[in-house]
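A short worksheet on the structure shown next.
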There are 2 protein chains.
Amino acid sequence: MLREERYNYIVNEVKIRNRVLLTDIARKLNVSEDTIRRDLNHLDEQGKIKKVHGGAISSSFHLYSYREDQIYAHEHKSTIATKAVKLLHENCVVLMSGGTTNLELARLIPDNISLTVFTPSLPVAMQLIAHPLVETIFIGGRLSKDAQIALGGDAIRTLSHLKADILFMGTGNLDLESGLTEFDWEVVQLKKAMMESAKKTVVLTISEKINSSQRFKICATSEVHTLITELETSHTLLAPFREKGLELM
Amino acid sequence: MLREERYNYIVNEVKIRNRVLLTDIARKLNVSEDTIRRDLNHLDEQGKIKKVHGGAISSSFHLYSYREDQIYAHEHKSTIATKAVKLLHENCVVLMSGGTTNLELARLIPDNISLTVFTPSLPVAMQLIAHPLVETIFIGGRLSKDAQIALGGDAIRTLSHLKADILFMGTGNLDLESGLTEFDWEVVQLKKAMMESAKKTVVLTISEKINSSQRFKICATSEVHTLITELETSHTLLAPFREKGLELM
DNA sequence: GCAAATTTTGTAAAATCGTGCAACTTCCCT
DNA sequence: AGGGAAGTTGCACGATTTTACAAAATTTGC
């Protein structure tokens, strides 16, 4: 791996995630932490990123793009994404919502699989165009500053012309009775439209979000086909969902 | 194996993979590493590739270049963007194409100005959502992996419903007779559509791109309203454009 | 204020680079 | 055809760069 490739990788990661850990990059790229440290220092001098204790952040880092859950439960999200990758097969048409779990999924798509992916999420799209074989179609619209996804009529209209094989739906709260819920009304509208545009809905969520609910409802629990969490499928927390007919992973 | 054949092989390999290792090529072509090193140096001088420690990367990916001319070019782009900012006024509707000059412009928009910006460029959009008052609308479509912008029918269709006050058109080659030209046919289609969706077209370009042309034509010189370069408006290079009726900055 | 994590500094090994040079090929001129 | 000039290639060797490891200094979180 050339040094320039590492630079490339790091700048891209920072751009997408706003934040990277030094140890994570070192492990991912199979080089020593010292090397990454030198890289970060160099990229900082170039002004491409801002180096901080323990890693780096975007040099144009703003509070608006900072979200608490972006740094939370990364291990779990990675586990979930690994499971979700198994549902992909050659040449299928995929729809992906936003959120860090989907971002992780986008990152873990194997290099040799060919897909068409639709997404309204800016970070997910950035990640996808780095993949050699994935054709990425961005669902345009008014961009939400904090969620970094396209919302509103344009996005929903685009979705209405589309039928994907599978939808990966990122974070949201899932409760047996309340169903799938969200805090933001516009996001609810978008996610509803996404569900209608896909043959099959896969919900990716960390177990914390299970048995909790938010203000607005996206759909009933039974409308979800598959549920992926970081837990074993045999975990008692998940039993009620299996009874409802959901496939678990 | 002739030298020109090696050149071809190397340039092609770089184009396809975005990177090559010196040792790999030497082994593959059955010549000494020194020879390949000489080849890489030569191709770098020609600007065909960018040589780095241990191999080479694509020169169009000059994100992390130390070469002075490109640092200069960045200075120029910054100068251009600074001038372009002056054309913005409160609550106007802006259309921005891709390219690093536009990205710089997005970065330099003052924090206290309120705008609506439409763009098909992923990096520009990422930059814009960091701005507190700019409402950003992403023009969706199939994403080009190298230009990182949305292309194709979807994007053009979206544009047809839009009328912006001003269009900032990034890099392209400008020649008095050939007009505004581009290398990529699909980009030409998009830029044409963008021009039709704006009352006024402002071309942002470094002086190097003036009096040169590419394969495909976007429009005639006279269809451009304003031309912004890093040069003084009195520069002789620009005189013919003023005579054509273009406003200079 | 302490323990853990991170950074800095120094060092040594490995990889890569630049240069000079000799052997070889190609081209050009007679 | 032959001879010489010019260019190309592979090798040797010292210089430079890059990398990993280790120990000391610093920062962070509790």
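Numbers restart at 1 for each chain; the letters A, B, ... are given by sequence-line order, proteins then strands.
The aromatic rings of B:Tyr7 and B:His42 sit parallel, their planes meeting at an angle under 30°, below the 60° perpendicular limit.
Between the CG atom of B:Asp39 and the C1' atom of C:dC17 there is a distance of 15 Å, rounded to whole Å. Following rounding to the nearest Å, A:Arg38 (CZ) and C:dT7 (P) show an atom-to-atom distance of 13 Å. Regarding A:Arg3, its CZ atom lies at a distance of 10 Å from the P atom of C:dC17, rounded to whole Å.
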Please output the side-chain donor-acceptor pairs of residues 26-34 of chain B that fall under 3.5 Å, not counting sequence neighbours, one pair per line with the distance.
unit_1	atom_1	unit_2	atom_2	d
B:Ser32	OG	B:Asp34	N	3.4
B:Ser32	OG	B:Thr35	N	3.3
B:Ser32	OG	B:Thr35	OG1	3.1

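B:Asn41 has a side-chain polar atom (N or O) that falls below the 4.0 Å cut-off from OP1 or OP2 of C:dG18.
Each of B:Met96, B:Glu104, B:Arg107 was evaluated against B:Gln127; a single residue qualifies, B:Arg107, per the side-chain contact (heavy atoms from CB on, under 4.5 Å) test.
Residue order along DNA chain D, read from the 5' end via each residue's closest nucleotide, puts B:Val31 first among B:Val31 and A:Glu33. For the pair A:Asp34 and A:His53, both in contact range of DNA chain C, the more 5′-proximal nearest nucleotide belongs to A:His53.
Side chain of A:Lys83 to backbone of A:Thr229: a donor-acceptor contact under 3.5 angstrom is found.
With distances taken from any side-chain atom of B:Arg37 to the nucleotides C:dT9, C:dT7, C:dT16, the minimum falls on C:dT16.
A nucleotide of DNA chain D counts as in contact with chain A when one of its atoms lies under 4.0 Å from a heavy atom; the first and last such, 5' to 3', are D:dT18 to D:dT28.
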